[in-house]
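Quick note on labels: first sequence line is chain A, next is B, and so on, each numbered from 1.
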Amino acid sequence: EAGVTQFPSHSVIEKGQTVTLRCDPISGHDNLYWYRRVMGKEIKFLLHFVKESKQDESGMPNNRFLAERTGGTYSTLKVQPAELEDSGVYFCASSLIGAYGYTFGSGTRLTVV
Amino acid sequence: KNQVEQSPQSLIILEGKNCTLQCNYTVSPFSNLRWYKQDTGRGPVSLTIMTFSENTKSNGRYTATLDADTKQSSLHITASQLSDSASYICVVSTSSGSARQLTFGSGTQLTVLP
């Protein structure tokens, strides 16, 4: 069974540019979560999809971040325009509805210069 | 505010030795507590998951304990191996309505030396 796949694994962009991160969850996992870890801090929740619907987006830092999950399969997280403080590692996780277990992807390391 | 505090921040031990990592939390309402291992450049991988009623759970050389009264957990690693070098993250899950959120600790960076 394929795990949670994220790409790119690394992205270096200039301040003001746009970047789109992608997450492919495990097939059949209706729950999809985005998290991020900025330098020296703990991993923090960004948002939660159930299928294509945003269940909870209380962790999204501001309106420069836009997440979508059209069709309830893969998800994208767009940052536009990127700022220096957006640098960090963005993790995606997925799970079955009602399950305790989450499977994390390897993350996308975003560097804004 | 929901918080998860881990100690120590970093730990260096010799191969074959045992170690214990600590986790204190103030998350409410509590659903479960997880320990994850995160290798460099990889995503967190679950080691154990414990609910309110469980006070110990083992996974090979890893044994986690949970005291829900004092809101403390520990992860004990027995007979450490070089491959145990990683960040160990304590994560507490709260169940709020239909949403589940995880509160992460900052992790303990473990280095096992030959």
Side-chain angles (χ1 to χ4, degrees), chain A residues 2-11 21 23-26 29-51 53-60 88-111, chain B residues 1-10 21 23-27 29-54 57 59 64 66 86-109:
Chain A
V4 176
T5 306
Q6 291 186 246
F7 46 92
S9 57
H10 294 82
S11 180
L21 316 180
C23 169
D24 285 65
I26 291 174
H29 281 196
D30 288 335
N31 282 322
L32 186 149
Y33 304 82
W34 282 98
Y35 295 87
R36 76 170 177 178
R37 183 173 199 165
V38 296
M39 186 66 69
K41 301 286 188 180
E42 66 273 18
I43 297 172
K44 287 195 173 177
F45 168 82
L46 294 178
L47 88 159
H48 169 206
F49 282 101
V50 176
K51 297 185 180 180
S53 300
K54 290 178 184 175
Q55 184 73 21
D56 182 349
E57 52 183 329
S58 60
M60 295 287 265
V89 182
Y90 290 76
F91 292 103
C92 174
S94 72
S95 72
L96 293 168
I97 295 292
Y100 284 135
Y102 291 59
T103 302
F104 282 82
S106 295
T108 293
R109 180 173 294 278
L110 174 65
T111 304
Chain B
K1 180 182 176 183
N2 289 339
Q3 285 189 309
V4 176
E5 302 287 340
Q6 290 188 244
S7 62
Q9 269 191 319
S10 61
L21 315 180
C23 173
N24 297 339
Y25 63 92
T26 59
V27 177
F30 176 88
S31 177
N32 57 74
L33 184 145
R34 312 141 186 253
W35 282 94
Y36 283 87
K37 178 186 179 187
Q38 185 176 11
D39 292 306
T40 301
R42 307 299 297 271
V45 175
S46 180
L47 295 175
T48 63
I49 299 176
M50 289 182 291
T51 58
F52 185 88
S53 60
E54 297 174 293
K57 183 165 281 189
N59 177 1
L66 172 64
S87 177
Y88 291 84
I89 304 172
C90 175
V91 185
V92 181
S93 177
T94 178
S95 182
S96 175
S98 60
R100 287 187 183 172
Q101 294 189 24
L102 306 181
T103 302
F104 289 74
S106 296
T108 292
Q109 185 65 45

Worksheet item: Between A:F45 and B:F104, does a side-chain contact (heavy atoms from CB on, under 4.5 Å) hold up when you go through it step by step?
Response: CA-CA 9 Å; A:F45 168 82; B:F104 289 74; over 6 Å; no
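- With a 4.5 Å cut-off on non-hydrogen atoms, B:T51 touches chain A through its side chain but not through its backbone.
- Enclosure of atom NZ in A:K44 is not indicated, since only 12 or fewer non-hydrogen atoms of other residues, nucleotides or ligands lie within 6.0 angstrom.
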Worksheet item: Given the rule in the side-chain contact (heavy atoms from CB on, under 4.5 Å) test, do A:F104 and B:R42 qualify, once you have shown the distances and angles that lead to the verdict?
Response: CA-CA 9 Å; A:F104 282 82; B:R42 307 299 297 271; over 6 Å; no
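- More than 12 heavy atoms of other residues, nucleotides or ligands sit less than 6.0 Å from atom CZ of A:F7.
- For the set B:G105, B:G41, B:S106, the entry with the most heavy-atom pairs within less than 4.5 Å of chain A is B:S106.
- Within the 4.5 Å cutoff, no side-chain heavy atoms of B:V91 are placed close to those of A:Y102.
- Contact of A:R109 with chain B is not made at all, since no heavy-atom distance falls under 4.5 Å.
- For A:S58, the part lying under 4.5 angstrom from a heavy atom of chain B is the side chain only.
- Within the 4.5 angstrom heavy-atom criterion, only side-chain atoms of B:Q38, from C-beta onward, approach chain A.
- To the nearest 0.5 Å, the span separating CG on B:L102 from NE2 on A:H48 amounts to 10.0 Å.
- Other residues, nucleotides and ligands place more than 12 heavy atoms under 6.0 Å from the NZ atom of A:K54.
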